[in-house]
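Letters A, B, ... are given to chains in the order of the sequence lines, protein chains preceding strands, and every chain is numbered from 1.
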2 protein chains.
Amino acid sequence: MAQHKRRVERKSDLVDAAWRAMLEHGATSVRLNQVAEQAGLTSGAIIYHYPDLQELLLDAHRAGMERFYEQRLRAVEGIASPARKLVVTIMSGLPTDSDDPDVRLLCELGGAAARNSVYALLLTSLYDRQVSLYQVILEAGAAQGVFALQDDSLAIGRNLVALEDAYGYRIMARHGAIDQEAAAGLILDYARIATGHRLPLLTPSPTTEDKEP
Amino acid sequence: MAQHKRRVERKSDLVDAAWRAMLEHGATSVRLNQVAEQAGLTSGAIIYHYPDLQELLLDAHRAGMERFYEQRLRAVEGIASPARKLVVTIMSGLPTDSDDPDVRLLCELGGAAARNSVYALLLTSLYDRQVSLYQVILEAGAAQGVFALQDDSLAIGRNLVALEDAYGYRIMARHGAIDQEAAAGLILDYARIATGHRLPLLTPSPTTEDKEP
DNA sequence: GGCTATTTTGAACCAGTCTTCAATATCGAA
DNA sequence: TTCGATATTGAAGACTGGTTCAAAATAGCC
């Protein structure tokens with residue numbers, strides 16, 4: 001049993017190392033040696049655990065995507081108001097800047113997905129889950145009567161995630177006029193007319209602190 | 001003079017070959033040999049004209065992007081109605097399916113742009129030009145009183161191009177529910193509330209034929 | 001047709017990477 | 001502490017792909 005646990009831990013170490021290596025050298029062009037170096041091992045050791053490097057990279061991407069998604073969930077937990085929830089969710093989907101590691105890898109993955117059906121599937125699933133995330137918020141707001149949805153929540157959700165994604169790429173490409181704030185502003189422009197709510201951007205919500213004391 | 005012309009022609013042949021090779025083997029992972037094969041030459045001949053392969057790939061991307069943009073311009077020329085123009089422009093920005101070559105390479109380029117500042121610049125410039133394209137249509141429609149813009153044309157234009165881009169990625173990744181038509185529908189959902197116009201999707205416009213007889 | 005400049009080939013060379021595997025080191029249990 | 005299993009190294013071999021360059025082919029010109 002103990003050796004099984006160690007095995008799992010080691011694999012997890014390698015996944016982390018692979019993730020860092022991809023970040024440093026590129027999601028697609030990363031080399032086995034570079035992963036090994038990040039892990040503080042030699043290439044043989046990597047192969048011992050992952051005979052196929054692609055498998056390791058895939059696991060690393062999976063883990064990164066999962067982290068990204070969980071992070072978004074955490075960002076809104078404890079927020080009651082649908083409007084605030086929507087604004088925070090929008091912000092949490094955007095990279096802070098062109099160095100944001102999670103979004104960077106997601107973008108590189110997006111570029112590779114046209115050729116790699118596994119990556120494509122992974123990203124498609126992430127997309128759909130994010131859409132659902134928005135749908136829940138939109139429906140809740142509609143049920144409470146604070147949102148007057150101009151379309152079905154599925155359509156609005158899809159457009160919101162699409163906008164996030166696209167501005168993620170813009171920010172990664174260092175568009176001079178579009179940073180996280182500007183992108184959030186643009187997406188909110190859409191969210192406002194789609195929900196019929198003013199959706200104040202403003203200060204980090206005071207309601208978030210509620211759950212702490 | 002004649003040899004100069006030949007030189008230019010040959011370079012253009014190589015650019016075409018490089019473009020095809022990228023399409024077949026991937027924008028980033030394409031090999032010198034593969035370009036040579038597409039051109040019906042050996043690698044030495046490619047190097048003779050393009051000592052740096054990156055330069056050739058860059059030219060190929062530039063040409064592809066230019067073609068894509070020109071194609072969009074042509075798609076609306078001769079259409080008078082701003083509403084129709086808007087609808088046609090939206091359609092022309094979306095890949096027909098996951099095999100659409102131009103969009104495929106643009107997506108791969110997007111993935112690479114996070115690491116390659118030249119590609120980033122190229123894509124940023126394309127994005128901005130496409131935004132301008134929309135702005136012109138939006139402003140014309142507003143001036144004619146057929147559009148009631150809910151935001152400044154810059155914001156709407158940016159969002160429209162962002163949506164196109166994002167759905168391009170979804171289509172490339174073979175999202176089961178999002179094909180060209182569905183994507184157009186979603187973007188139009190936004191365009192409708194942003195312009196206050198019904199924007200009928202419908203049939204290939206009859207007004208297009210006007211200029212033929 | 002012969003001459004020169006340009007273009008292209010083909011082979012040799014080099015660097016980097018993956019793979020394999022015997023030798024070595026480390027771990028955990030008894 | 002010792003033993004067997006597990007993990008890791010390091011070096012050798014095979015392969016791929018870029019680079020170089022002398023030699024061959026081709027084109028354009030007189």
(message) Using whole Å, what does the distance between atom P of nucleotide C:dC18 and atom CG of A:L57 come to?
(response) 10 Å
(request) Starting at atom CG of A:L32, determine the distance to atom P of C:dC18, rounded to an integer number of angstrom. (result) 5 Å
(request) Compare side-chain N and O positions of B:R10 against OP1 and OP2 of C:dT6 and report whether any pair is under 4.0 Å apart. (result) no
(message) In whole Å, I'd like the distance from the NZ atom of B:K11 to the P atom of C:dT7.
(response) 11 Å
(request) May I ask you to evaluate whether B:R6 reaches the phosphate of D:dT26, defined as a side-chain N or O under 4.0 Å from OP1 or OP2? (result) no
(request) Starting from C1' on C:dC18, measure out to OH on A:Y50 and report it in whole angstrom. (result) 19 Å
(message) Whether the side chain of A:S12 engages the backbone of A:V8 through a donor-acceptor N/O pair (distance < 3.5 Å, no angle test) should be reported.
(response) no
(message) Nearest whole Å is fine: how far is C:dT19 P from A:I47 CD1?
(response) 5 Å
(request) Go through C:dT8, D:dT9, C:dC18 for me and flag the one nearest to the A:T42 side chain. (result) D:dT9
(request) Figure out the NE2/C1' separation between A:H49 and D:dA7, and round it to whole Å. (result) 6 Å
(message) Can you measure B:E37 atom CD to C:dT8 atom C1' for me and round it to whole angstrom units?
(response) 17 Å
(request) Between A:N33 and A:G44, just flag the one whose closest nucleotide in DNA chain C comes earlier from the 5' side. (result) A:N33
(message) Check for me whether the distance between the ring centres of B:Y169 and A:Y169 falls short of 6.0 Å.
(response) yes
(message) Quick one, B:E164 with B:R72, criterion salt bridge (charged side-chain N to carboxylate O under 4.0 Å, His left out). Give me CA distance, side-chain angles, the key distance, then yes/no.
(response) CA-CA 13 Å; B:E164 278 174 5; B:R72 300 196 70 175; 2.6 Å; yes
(message) Using whole Å, what does the distance between atom C1' of nucleotide C:dT6 and atom OH of B:Y48 come to?
(response) 5 Å
(message) When you compare the side chain of B:R170 with that of A:R158, does any pair of heavy atoms fall below 4.5 Å?
(response) no
